[in-house]
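So the structure is just underneath, and the comments pick up after that.
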Number of protein chains: 2
Amino acid sequence: MKSHQTTIIDIARELNLSKSTVSRALTGHPNVKQQTREAVLALAEKMEYQRNQMSISLITNKTKTIGIIVPEFVTSFFSQVIIGAQEEARKSDYNVLISQCNEDYNTEVDNAQLMMRNRVDGIIVSLTKETKNFDHLRTFQRRGIPIVFFNRVCEEIMAPKVIVNDYDAAFKAVEHLIKTGKKRIAHLAGPPSLAISRKRQNGYIDALKKHNLPIDEDLIIGYDLNMSKVKIYIKHFMDMDNPPDGLFAINDPTAMEAMQVIKQLGKRIPEDIGVVGFSNDYASQFAEPSLTTVAVPVNEMGKTAVKLLMDMIDKDPADWKLLVKVLDTELIVRNSTVRKA
Amino acid sequence: MKSHQTTIIDIARELNLSKSTVSRALTGHPNVKQQTREAVLALAEKMEYQRNQMSISLITNKTKTIGIIVPEFVTSFFSQVIIGAQEEARKSDYNVLISQCNEDYNTEVDNAQLMMRNRVDGIIVSLTKETKNFDHLRTFQRRGIPIVFFNRVCEEIMAPKVIVNDYDAAFKAVEHLIKTGKKRIAHLAGPPSLAISRKRQNGYIDALKKHNLPIDEDLIIGYDLNMSKVKIYIKHFMDMDNPPDGLFAINDPTAMEAMQVIKQLGKRIPEDIGVVGFSNDYASQFAEPSLTTVAVPVNEMGKTAVKLLMDMIDKDPADWKLLVKVLDTELIVRNSTVRKA
DNA sequence: CTGTTAGCGCTTTCAG
DNA sequence: CTGAAAGCGCTAACAG
């Protein structure tokens with residue numbers, strides 16, 4: 001079934017003009033008589049003409065589309081980054097092709113190839129927790145298609161990155177727990193494959209060190225972000241002879257799941273154990289107790305990534321800058337660490 | 001900066017073959033000598049050839065892309081629908097162009113035109129709360145591009161729709177509140193522009209009627225989903241001489257916001273007032289008390305919408321079926337209505 | 001100011 | 001089995 005889309009030829013025929021004149025009128029080229037232009041625009045409007053992006057892309061070798069690859073879509077984090085990214089892209093009249101990977105490496109590779117086939121002008125990427133091979137991404141650079149990483153960045157590929165001050169934020173988060181009087185703080189960390197896991201863990205460790213608290217390896221568990229495991233680890237923690245009185249979790253979903261388990265075990269938050277998350281997920285404000293967390297400027301992260309990408313598109317790869325933008329975070333203190341009256 | 005993407009010509013030149021033969025080998029056409037095919041495929045692999053979707057689209061007048069237009073991205077609802085939709089689309093080797101509208105009508109129109117320019121083969125749409133004019137969507141049908149609505153459907157356009165049994169679900173939700181002993185149940189409804197608001201409200205009203213409870217217009221407030229207003233309305237309810245002892249909210253974010261306010265006012269949930277939401281948002285399990293809500297099969301909704309769309313793509317519009325798929329929901333009873341021991 | 005021509009990368013006739 | 005040629009909708013270069 002061939003759908004009928006109005007073409008330039010349709011307009012040209014109707015107005016008895018050449019294709020090129022119509023094209024010029026439509027694209028705002030100066031060399032068109034005012035009267036002709038008006039006639040063309042009026043008819044285009046009437047016939048609901050929408051230029052065919054395909055043919056233009058074929059000529060210009062530009063699709064005016066950027067790809068966004070994110071690891072998951074369940075928590076609000078990446079959705080919100082995407083909102084920012086999309087807003088920024090729209091400013092430059094760019095579209096956005098979005099793919100989420102269900103935290104699956106093979107899906108990420110598929111998505112990358114899909115982007116390739118669709119000849120996106122650039123991509124912004126946050127890796128799945130599984131991604132350890134980066135060939136599918138290197139292909140882009142090899143072809144002069146720019147990449148910008150955000151949040152879960154790849155340290156082995158030379159490309160601009162947008163991250164937050166993970167180390168500092170973690171440091172402050174843990175320091176906050178310490179200031180509320182906690183002395184045995186556990187850390188439910190992310191998989192070591194992710195740089196953010198390592199940085200946050202380092203922040204955690206250094207905060208303890210600064211305050212002369214012992215580093216107890218038993219209190220640090222790196223896990224694969226598979227939420228169903230949180231229960232096991234938290235029970236493990238709380239079953240200890242000397243259970244922790246504080247918990248710093250790699251992200252908010254983990255922290256909230258942990259709080260569920262802690263409450264089931266009959267422990268009070270924050271009295272028995274204070275909890276801090278990371279990312280300020282949409283849900284964290286509603287949790288009970290509301291979750292103390294590190295607010296990441298998600299919207300800005302998306303915007304910044306796209307801005308950096310836009311600076312690379314149409315530039316010679318030799319001129320690409322290797323900026324690493326570090327965005328500031330803010331510790332949001334809520335009831336999971338400091339109970340308000 | 002022209003990025004170098006491998007083309008069929010590159011391969012043809014290298015192998016001293018004609019373009020057509022290479023093309024045939026690549027597309028699995030039977031009339032190619034086994035040996036030739038293997039050589040082509042091997043080289044294509046080596047040169048990282050990725051077919052240019054643009055040129056194919058130009059010829060076939062098909063982009064293998066479907067558009068998804070959703071009103072917002074903040075709550076988890078639409079994200080999850082998109083996950084399902086994307087999975088289903090991928091099965092048929094279709095890509096997905098996603099646009100969210102920030103609940104803004106003009107953005108919806110823009111997004112629709114963007115889809116049009118990109119010649120999507122079909123779209124699935126959930127309307128913004130503001131959308132009352134549907135011309136931007138009718139254009140698609142006029143051109144033989146199929147539309148499927150989901151969740152927030154348009155009743156004025158003849159198109160397949162995927163919805164849930166809003167009336168029944170609301171009825172059961174309210175009946176559940178009644179069974180927990182509540183007799184004065186308020187309803188924080190959505191904007192009347194949305195059919196789901198009206199249906200859920202009707203379910204609410206009929207449940208009260210069935211149980212011989214009076215319909216008090218003062219206990220029904222339809223609002224514009226602007227979350228900041230929830231506080232005002234809930235305070236208004238609770239300030240009444242005879243405040244409600246139950247609340248049925250149009251959706252989970254509303255319910256959770258309401259619970260926050262109720263708790264601030266020092267009222268107990270569910271003892272003083274039982275609360276039921278709608279949609280089983282990701283956050284609702286973490287809320288305190290955990291929120292009783294109507295679980296919507298979000299993933300299935302996305303999948304079903306795409307399936308219906310796929311059945312229309314490539315079919316003569318005359319053969320398009322006007323199915324309305326009604327998916328079943330499930331009432332999930334949590335602590336906001338029935339406190340577990 | 002307007003028309004003509006060529007060609008983007010690919011598939012699809014039509015000829016061998 | 002393979003090649004040559006036409007053309008998808010549009011823009012850009014070259015002529016008027």
Side-chain angles (χ1 to χ4, degrees), chain A residues 1-41 43-44 47-65 116-121 143-144, chain B residues 1-41 43-44 47-65 116-121 143-144:
Chain A
M1 200 50 226
K2 203 179 167 79
S3 54
H4 183 64
Q5 310 256 13
T6 310
T7 71
I8 281 192
I9 298 194
D10 295 331
I11 299 179
R13 192 162 29 215
E14 196 85 10
L15 258 37
N16 218 355
L17 286 167
S18 71
K19 292 182 279 181
S20 23
T21 303
V22 174
S23 170
R24 279 190 277 255
L26 253 19
T27 51
H29 192 98
N31 285 352
V32 185
K33 209 201 303 175
Q34 184 62 16
Q35 187 188 339
T36 313
R37 162 167 290 128
E38 280 166 13
V40 170
L41 291 177
L43 188 60
M47 296 178 78
E48 294 183 307
Y49 170 78
Q50 292 280 357
R51 55 152 56 84
N52 186 330
Q53 183 60 44
M54 304 306 118
S55 39
I56 298 178
S57 300
L58 203 53
I59 296 170
T60 60
N61 207 24
K62 291 277 157 241
T63 51
K64 286 289 213 173
T65 301
M116 194 88 249
R117 279 201 300 282
N118 282 278
R119 296 296 190 269
V120 293
D121 296 339
R143 302 199 173 179
Chain B
M1 200 52 228
K2 202 176 168 82
S3 54
H4 183 66
Q5 310 256 13
T6 310
T7 72
I8 282 193
I9 297 194
D10 295 330
I11 299 179
R13 192 162 27 213
E14 197 85 9
L15 259 36
N16 218 354
L17 287 167
S18 70
K19 292 182 278 181
S20 19
T21 303
V22 174
S23 170
R24 279 189 277 254
L26 254 18
T27 51
H29 192 99
N31 285 353
V32 185
K33 211 201 302 176
Q34 183 63 16
Q35 187 187 341
T36 313
R37 162 166 292 130
E38 280 166 13
V40 170
L41 291 177
L43 188 60
M47 297 179 76
E48 293 183 307
Y49 170 78
Q50 292 279 358
R51 57 153 54 85
N52 186 329
Q53 183 61 44
M54 304 306 117
S55 39
I56 298 179
S57 300
L58 203 52
I59 296 171
T60 59
N61 207 24
K62 290 277 157 240
T63 52
K64 285 288 210 175
T65 301
M116 194 89 250
R117 280 202 299 282
N118 282 279
R119 296 296 190 269
V120 293
D121 296 338
R143 301 198 173 179

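Scope of the values below: all heavy atoms of this structure, side chains included, with no hydrogens, waters or symmetry mates. Below, read A as the first sequence line, B as the second, and so on, with proteins coming before strands; counting in each chain starts at 1.
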Rounding to a whole Å, what distance do you find between [X]:[atom1] and [N]:[atom2]?
{"X": "A:Gln35", "N": "C:dT2", "atom1": "CD", "atom2": "P", "answer": "9 Å"}
{"X": "B:Lys33", "N": "D:dC1", "atom1": "NZ", "atom2": "P", "answer": "9 Å"}
{"X": "A:Gln34", "N": "C:dT2", "atom1": "CD", "atom2": "P", "answer": "11 Å"}
{"X": "B:Asn61", "N": "C:dT12", "atom1": "CG", "atom2": "C1'", "answer": "15 Å"}
{"X": "A:Ile59", "N": "C:dG7", "atom1": "CD1", "atom2": "C1'", "answer": "8 Å"}
{"X": "A:Leu58", "N": "C:dG9", "atom1": "CG", "atom2": "P", "answer": "7 Å"}
{"X": "B:Glu38", "N": "D:dC1", "atom1": "CD", "atom2": "C1'", "answer": "15 Å"}
{"X": "B:Asn118", "N": "D:dC10", "atom1": "CG", "atom2": "P", "answer": "14 Å"}

| So what does A:Thr36 touch, heavy atoms closer than 4.0 Å: a base, only the sugar-phosphate, or nothing? | sugar-phosphate

| said: Any base atoms under 4.0 Å from A:Ser20, or only sugar-phosphate, or nothing? Heavy atoms, all strands. | reply: base

| request: Find the distance between CG (A:Asn52) and CG (B:Asn118) and round it off to the nearest 0.5 Å. | output: 9.0 Å

| request: First locate atom OH of A:Tyr49, then atom CG of A:Leu43, and finally report the distance between them rounded to the nearest 0.5 Å. | output: 12.0 Å

| message | Looking at every heavy atom in both B:Arg13 and B:Asp10, which two are closest together, and how far apart are they? | response | NH2-OD1, 3.1 Å

| message | Please give me the minimum heavy-atom distance between A:Gln5 and B:Met116, naming the atom from each residue. | response | OE1-CE, 3.4 Å

| task | With side chain to side chain contact (heavy atoms under 4.5 Å, CB included) as the test, would you mind laying out the steps for B:Lys19 and B:Ile9 before giving the verdict? | result | CA-CA 6 Å; B:Lys19 292 182 278 181; B:Ile9 297 194; 3.8 Å; yes

| field | Test log, rule side chain to side chain contact (heavy atoms under 4.5 Å, CB included), inputs B:Val22 and B:Leu15 | value | CA-CA 9 Å; B:Val22 174; B:Leu15 259 36; 5.6 Å; no

| said: Tell me whether the side-chain N/O atoms of A:Tyr49 come closer than 4.0 Å to OP1 or OP2 in D:dC10. | reply: yes

| said: Can you list, in residue-number order, the parts of residues 22-32 of chain A that come under 4.0 Å of DNA chain C, counting heavy atoms only? | reply: A:Arg24, A:Asn31, A:Val32

| field | Side-chain heavy-atom pair A:Thr65, A:Asp121 within 4.5 angstrom cut-off | value | no

| request: State, yes or no, whether a side-chain contact exists between A:Arg51 and A:Thr27 at a heavy-atom distance under 4.5 Å. | output: yes

| message | Heavy atoms within less than 4.0 Å of DNA chain D: which residues of residues 8-19 of chain A have one? Give them sorted by number. | response | A:Ile8, A:Lys19

| Side chain of A:Ser57, backbone of B:Met54: donor and acceptor closer than 3.5 Å? | no

